[in-house]
Amino acid sequence: TVTDSSTDEREQNTEMSTAGISSPDSDIDKPVEYHVQEMFYRISAVVIFIVIGTLFALPWSSDLIQFIWQDTFSFIDADVEGHIYNPLELWITRIQVAGLFGILLGIPMFVYQTYRFMKPALFDREQKYYLAAVPTSVVFAMTGMIVGYFILLPIIFFYFTGYAEGTAQLAYGVGDTFNLIIAVIGMMAIIFQIPLFIILAVLMGIKPRAWFASKRIYFWGLFTGIGFIFTLDPTLMVPILMVVIMIVLFEVTLLILKWLSVE
């Protein structure tokens, strides 16, 4: 029975090739339940890595909080004292700050688990592209965090501090302030994966560069939705900056691919 099944699969692949549809030898149809279960396990692996990274960084989180606080407000030459408004605020902030390291550790694992999930449907050349994307995703994530920390946060806090100065006495809560800092840095780590996934899609033949160029308005709309949904800011300062950065990354990636004649 097993032999007959294997023969049928080979015949099916042969028929697909004859019809002009090529697929890897490892691309075998499996029940939907199998794919759902596999996806659950792979997402669980990503979550575990994020938790491990968070626990690893937790003992140093207090020092990180103090360093980030002083560094952030030194950018705008402001001496701002942090305030704690509930007993659990500092602990929650420590976990959130440690979670930044967990996110950094979880992003390459996410790319790798995506690769493992898609591997049966990938040709050897495509597998090499995807494997190369794992360390590249770390570089892109760190670049996004650096841009968020050294460029975006100073602009945001300069704006927030500026419009309140002379009107009210500044009193920044530690929890709320770090919610914003972590949201910006974490979002930037994720946003900077946009070029990577576009390049992968083009190199692997999933979608050509021209397709992304022709759908740019839809992508701009998607970026706008992401920016305003995941960065809640009544002043609209943070979501607008996020949307602009996503659009710039998208367009620059397409320009680089065009310059390199990658279609």
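Position 1 is the first residue of the sequence; numbering continues from there. These values consider heavy atoms only, across backbone and side chains, with no hydrogens, waters or symmetry-generated copies.
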Point to revise | Chi angles and distances behind the side chain to side chain contact (heavy atoms under 4.5 Å, CB included) call for L152, M242 | key: CA-CA 9 Å; L152 210 56; M242 290 289 187; 4.1 Å; yes
Exercise for review: Ignoring hydrogens and angles, state whether a donor on the side chain of D176 or Y85 is under 3.5 Å from an acceptor on the partner side chain.
Suggested key: no
Check your understanding: Aromatic rings F219 and F212: how do their planes relate, parallel, tilted or perpendicular, breaks at 30° and 60°?
Key -> tilted
Review point. Just by distance, with hydrogens left out, do E251 and W220 show a side-chain donor and acceptor under 3.5 Å apart?
Key: yes
Check your understanding: When Ile, Leu, Val, Met, Phe, Trp and Tyr are grouped by side-chain heavy atoms lying under 4.5 Å apart, directly or through other members, which residues fall in the same group as I92?
Key -> L88
Exercise for review: Please list, chain by chain and in numerical order, all residues satisfying ring pair (Phe, Tyr, Trp, His ring centres under 6.0 Å) with F197, sequence neighbours excluded.
Suggested key: none
Review point. Hey, does the side chain of R209 reach the backbone of V202 with a donor-acceptor pair shorter than 3.5 angstrom?
Key: no
Review point. Counting heavy atoms not belonging to F49, are there more than 12 under 6.0 Å from its CZ?
Key: no
Check your understanding: Does R216 reach the main-chain N or O of A213 with its side chain, forming a donor-acceptor pair under 3.5 Å?
Key -> yes
Check your understanding: Are F117 and Y112 close enough that some pair of their side-chain heavy atoms sits under 4.5 Å apart?
Key -> no
**Study point:** Exam field: side chain S214 to backbone W211, donor-acceptor pair closer than 3.5 Å
**Key:** yes
Review point. Taking Q96 for the side chain and I182 for the main chain, is one N or O donor matched with an acceptor at less than 3.5 Å?
Key: no
Exercise for review: Taking Q66 for its side chain and S62 for its backbone only, find out whether a donor-acceptor pair lies under 3.5 Å.
Suggested key: no
Check your understanding: Is any side-chain heavy atom of K215 less than 4.5 Å from a side-chain heavy atom of K207?
Key -> no
